[in-house]
Novice: 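Just passing along the structure, written as C-alpha cells.
Here the structure is a predicted model, which is why all the values come from computation and not from measurement.
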Protein chains: 2
Amino acid sequence: MSFLARNKQIILYGIALALFLFLLKWLEMRYVVADEELDVYIGIIALIFTGLGIWLAYKLRKPALQTVVIEKEVYRSDFTLNETEAKRLNLSKRELEVLQLMAEGLSNQEIAEKLFVSLNTIKTHSAQIFEKMEVKRRTQAVEMGKRLSIIP
Amino acid sequence: MSFLARNKQIILYGIALALFLFLLKWLEMRYVVADEELDVYIGIIALIFTGLGIWLAYKLRKPALQTVVIEKEVYRSDFTLNETEAKRLNLSKRELEVLQLMAEGLSNQEIAEKLFVSLNTIKTHSAQIFEKMEVKRRTQAVEMGKRLSIIP
DNA sequence: TGCAAAATCACCCGAAAGTATTACCGGAAA
DNA sequence: TTTCCGGTAATACTTTCGGGTGATTTTGCA
C-alpha cells in the first residue's frame, strides 16, 4: 500500500482544512468583520469545525462491532408434539421429561442429578414409562417416542 | 428512563459548549484581541471545536452491528446417509449393522440372535462402536447416529 | 377440603449392558 | 511374508437397568 493510499483520509482532511481557511480568510476580507459581529463569526467557525470534527471521527475511526448471534435451526423445525399420541399414552409431565433425557442418551443416574431427585425416583418413572408405552427397554421407549413424535 | 438520562450526552455537550463560550469571551476581554492576532485566535477555536466534534462523534456513535448466524444441526426428516460423517467415524460394515439394530431398540442378545453370532461378539462390536463414536452408552450412540444421519 | 393422581424415595434381585483383556482366523496391504 | 485389520469369541468382572413392591409426600381438581 502506498503512502498516499495509507494516509488518504488525513490528506483529504488537510486539503479540506486548507480550503476552509482560505474561504474564511476571503469572507473576513470581503465583509470586514466588525467587532460587534465577532461573536457571530466565532460561533459560525465553532459550528463548522465541530461538524468537521464529527465527520473526521466517522471517517477515521474503525467501526466498533457489536456481535449479534442468531441461532438458526436447519432441519426439523417442523417438530410438533403429537398431542393425540401423547394423550393416548397418558404420560405425566415428569415422565415425559425423563423420556426426553433418556432420548439424549443420559443414564438414570445422570437424569436423577439433572432433575435433582434420587436415582430410585428415576427408576420408578422409567418403569412407569415402559409400562405405559408397552416396551421393555429405554432404547425401545426412545425409538417409539421419536416415531410417535412425542419427543423431538 | 427519564428525560435526563436519555439526553445525557446532549445536555453534557450543551453545558461544555456554554462553558467554552464563556471561556472564550473571557479570553477575548482579557487580552483584547488585536486584528493581527485574529487568525491565531480563530485557529485555536477551530482546533478546539474540531476536537469537540471528534469527542462528540465518539460519544454519540452507535456501534455497527455484526450478525453471526450459527447453524444448529438437528434431525432431518428425509434420510440420506451422510457419507462424510460415516467415513469420518470409520465404522465397519458389521458395526454399522449392529448400531442400526441398537437403534431399533434390540437388546444385545436379540442382536446376537439376529446376526447368528454370540452375545460376546455383539458386546465387542458395541464397545468398538462406542469407542469410535466417543460415547459411553448405546442410547448416546443411537442419538449421535441419528443426528449425524448415519442411521435413519 | 378431601381425594386421586403424580411425584418422591427405598430396598431387593436378577438381567442386561458395558469394560478389559486375550485370542484366533482370514484376507488385504506393505 | 509379515503385518495389520475386521470379525469372531471367550472369560471375568463392574455397573447400570429394569421388575416388583411398598410407602410417604405433593398437588391439582372437584
Novice: Is Glu143(A) paired with Arg138(A) through a side-chain N to carboxylate O contact shorter than 4.0 Å?
Specialist: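 Salt bridge: no.
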Novice: Between Glu110(A) and Lys136(B), is there a salt bridge with N-O shorter than 4.0 Å?
Specialist: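 Judged by the 4.0 Å cut-off on N to carboxylate O distance, Lys136(B) and Glu110(A) do not form a salt bridge.
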Novice: Whole angstroms only, please: what is the NZ-P distance between Lys93(B) and dG7(D)?
Specialist: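 In whole Å, dG7(D) P and Lys93(B) NZ are 9 Å from each other.
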Novice: Tell me: CZ of Arg137(B) to P of dG18(D), nearest whole Å?
Specialist: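 Rounding to the nearest Å, CZ of Arg137(B) and P of dG18(D) are 11 Å apart.
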Novice: Applying a 4.0 Å non-hydrogen cut-off, can you work out what Thr121(B) is touching in the nucleic acid: base, sugar-phosphate, or nothing?
Specialist: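 The residue Thr121(B) makes base contact.
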Novice: What is the distance, to the nearest angstrom, from the CG atom on Leu106(A) to the C1' atom on dT15(D)?
Specialist: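 Taking CG of Leu106(A) and C1' of dT15(D), I get 17 Å after rounding.
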Novice: Taking OP1 and OP2 of dG7(D), is either one under 4.0 Å from a side-chain nitrogen or oxygen of His125(B)?
Specialist: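 Answer is no, no contact under 4.0 Å.
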Novice: Should Ser92(A) be listed as having a side-chain N or O under 4.0 Å from OP1 or OP2 of dA5(C)?
Specialist: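 No, because none of the side-chain N or O atoms of Ser92(A) sits under 4.0 Å from OP1 or OP2 of dA5(C).
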Novice: Of the nucleotides dA10(D), dT16(D), dA17(C), which one has an atom closest to the side chain of Ser118(B)?
Specialist: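 Closest nucleotide to the Ser118(B) side chain: dA10(D).
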Novice: What about Val135(B) and Ile111(B), same hydrophobic cluster or not, with Ile/Leu/Val/Met/Phe/Trp/Tyr joined at side-chain heavy-atom distances under 4.5 Å?
Specialist: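 In one cluster with Val135(B): Ile111(B), yes.
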Novice: For Asn120(A) and dA10(C), is the shortest distance between a side-chain N/O and OP1 or OP2 below 4.0 Å?
Specialist: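 Asn120(A) to dA10(C) OP1/OP2: side-chain N or O found under 4.0 Å.
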Novice: Using atom CD of Glu113(B) as one end and atom P of dA9(D) as the other, report the distance to the nearest whole Å.
Specialist: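 Roughly 13 Å, once rounded to whole Å.
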Novice: On the side chain of Thr124(A), is there an atom forming a donor-acceptor pair with the base of dC9(C) - under 3.5 Å, no angle test?
Specialist: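 Checked by distance alone, the answer is yes.
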Novice: Return whichever of Asn90(B) or Leu119(B) has its heavy-atom-nearest nucleotide of DNA chain D closer to the 5' end.
Specialist: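 Between the two, 5'-proximity favours Asn90(B).
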Novice: What is the separation between atom NZ on Lys136(A) and atom C1' on dG19(D), rounded to the nearest whole Å?
Specialist: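 In whole Å, dG19(D) C1' and Lys136(A) NZ are 9 Å from each other.
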Novice: For a quick test of reading the model: is some side-chain N or O of Arg138(B) closer than 4.0 Å to OP1 or OP2 of dG18(C)?
Specialist: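 Yes, because at least one side-chain N or O of Arg138(B) sits under 4.0 Å from OP1 or OP2 of dG18(C).
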Novice: I'd like to know if Glu97(B) pairs up with Lys93(B) as an ion pair, taking the criterion as any Lys NZ or Arg NE/NH1/NH2 lying under 4.0 Å from an Asp or Glu carboxylate oxygen.
Specialist: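 Salt bridge flag = no for Lys93(B) with Glu97(B).
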Novice: Rounded off to whole Å, could you give me the CD-to-C1' distance for the Gln109(B) and dG14(C) pair?
Specialist: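 My rounded result for the distance is 15 Å.
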Novice: How long is the line joining NZ of Lys123(B) and P of dA12(D), in whole Å?
Specialist: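 Going from NZ in Lys123(B) over to P in dA12(D) covers 13 Å.
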Novice: If you only use heavy atoms from C-beta on, which nucleotide in dG7(D), dT19(C), dT16(D) is closest to the side chain of Phe130(B)?
Specialist: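 Closest of the options to the side chain of Phe130(B): dT19(C).
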Novice: Using the rule given for side-chain contact (heavy atoms from CB on, under 4.5 Å), can you reason through Leu99(B) versus Ile151(B), listing the C-alpha separation, both sets of side-chain angles and the distance that settles it, and then say yes or no?
Specialist: CA-CA 8 Å; Leu99(B) 179 58; Ile151(B) 47 178; 4.2 Å; yes
Novice: Considering only side-chain heavy atoms of Arg94(B), which listed nucleotide, dT8(D), dG18(D), dT19(C), is closest?
Specialist: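 Of the options given, the side chain of Arg94(B) lies nearest dT8(D).
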Novice: Rounding to an integer number of Å, can you tell me how far Gln128(B) CD sits from dT8(D) P?
Specialist: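 Distance check: Gln128(B) CD to dT8(D) P gives 12 Å.
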